Amino acid sequence: MRIATWNVNSIRARVDRVIAFLERHDVDVLAIQETKCRDDQFPHLPFEAAGYEVAHVGLNQWNGVAIASRVGLQDTEIGFDGMPGWGDPVGAEARAISAVVGGVRVASLYVPNGRSLDDPHMAYKLDWLGRLAEYAGGRLSTAPDEPVVLMGDWNIAPEDEDVWSMAFYENKTHVSEPERAAFRAVLDAGFSDVTRAHTPGPGTYTYWDYTRLSFPKRQGMRIDFALGSPTFAARVTDAFIDRDERKGKGASDHAPVIVDLAD
DNA sequence: ATGGTTGAATATCAA
């Protein structure tokens, strides 16, 4: 089974490219982030025509996460128990959805950006990740053998080699110690990064800012990850980043991350 | 070209 994750930065602007990607790489399941649309705006028809069913949650033009699968899609859960909210009034955002696909519980996650180190959104980001670690860890202690993968845009570069320049990111988000500690807390809850061993750095990135000619200058960040439970991680045979998807007109600012799983 | 790009409630906000 082949499972991928991709922050598409608007599914309506990118749907042709996403379908072509699924077919080109023979992908069974895709966790999608930043659909940037409401449920009633999601372009279901192209997915159905390509043989995929989709579970999506989108409340407005921001965030929005989905799972597309051609190997079944059951037991969809929106958000997770304890997920913090945002806004005025405070409410749940469309940042987490999970479903059982091909016997694996896949979660598509869009971790809050943080905006800047002293922004209230950073406290929200850390709280959100802390609650996620708590929820996922608790679930794992109840069902230690369940194959689970937490995949998506984590908005964190966990290692120095995951950014093109640590000097550039001094006092910026994505590399701060509290963010990295929040990421490690998910690992400490029993999950492991199943992609890094197959996509070694340095210079291995999944995101390049649209500005500053970041992509041609190879000035990127690795912030998209798949964190697997023990039984999921044991089945991973390969992973790769499709850097070609960042090329050309109409590209998302993120490249997809693809994970291969033994049957 | 040198403070840059993209996408969404088309007016700013978010990334």
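Both backbone and side-chain heavy atoms feed into the values below; hydrogens, waters and symmetry mates do not. Nothing here was measured: the structure is a model prediction, and the numbers come from that model.
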Length of the line joining [X]:[atom1] and [N]:[atom2], which is rounded to integer Å:
| X | N | atom1 | atom2 | value |
| --- | --- | --- | --- | --- |
| K125(A) | dA14(B) | NZ | P | 15 Å |
| D209(A) | dA14(B) | CG | C1' | 12 Å |
| N7(A) | dT6(B) | CG | P | 16 Å |
| R212(A) | dA15(B) | CZ | C1' | 11 Å |
| W154(A) | dA15(B) | CH2 | P | 17 Å |
| R115(A) | dA14(B) | CZ | C1' | 6 Å |
| F168(A) | dG4(B) | CZ | C1' | 11 Å |
| K172(A) | dA15(B) | NZ | P | 17 Å |

Below 4.0 angstrom, N of the basic side chain to O of the carboxylate: do [X] and [Y] qualify?
| X | Y | value |
| --- | --- | --- |
| E23(A) | R2(A) | no |
| R222(A) | E159(A) | no |
| E177(A) | R184(A) | yes |

For [N] and [M], measure between their [atom1] atoms and round to the nearest Å.
| N | M | atom1 | answer |
| --- | --- | --- | --- |
| dA14(B) | dA9(B) | P | 15 Å |
| dA8(B) | dG3(B) | P | 27 Å |
| dG7(B) | dT2(B) | C1' | 24 Å |
| dG4(B) | dA15(B) | C1' | 14 Å |
| dT5(B) | dA1(B) | P | 13 Å |

Y207(A) ring center near W154(A) ring center (under 6.0 Å)
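That pair fails the under 6.0 Å test.
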Partners of H121(A) by ring pair (Phe, Tyr, Trp, His ring centres under 6.0 Å), sequence neighbours excluded?
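Testing H121(A) for ring pair (Phe, Tyr, Trp, His ring centres under 6.0 Å), a comparison that skips the adjacent residues, returns W86(A), Y124(A).
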side-chain contact (heavy atoms from CB on, under 4.5 Å) partner of L109(A), the single match among N155(A), V186(A), L150(A), I97(A):
L150(A)
Generate the contact string for nucleotides 7-12 of chain B. Rules: B means base contact, S means sugar-phosphate contact only, - means no protein heavy atom under 4.0 Å.
BSB---
Is F215(A) touching bases, backbone alone, or none of the nucleic acid, heavy atoms closer than 4.0 Å?
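Nothing, no heavy atom under 4.0 Å.
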For residues 86-97 of chain A, which residues have at least one heavy atom under 4.0 Å from DNA chain B?
R95(A)
Spell out, as yes or no, whether a donor-acceptor pair under 3.5 Å connects the side chain of S252(A) to the backbone of N7(A).
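A pair under 3.5 Å: yes.
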Flag side-chain contact, heavy atom, 4.5 Å: L22(A) against F47(A):
yes
If only side-chain N and O atoms count, and only distance matters, is there a donor-acceptor pair under 3.5 Å linking R131(A) with Y135(A)?
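Not at all, the side chains of Y135(A) and R131(A) share no donor-acceptor pair under 3.5 Å.
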Mark yes when over 12 heavy atoms from residues, nucleotides or ligands other than R218(A) sit less than 6.0 Å from its CZ; otherwise mark no.
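No, because the 6.0 Å sphere around CZ of R218(A) holds 12 heavy atoms or fewer from other groups.
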Quick one: on DNA chain B, does D153(A) or L213(A) contact a more 5' nucleotide (nearest heavy atom)?
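First, find each residue's nearest nucleotide; the 5'-ward one identifies L213(A).
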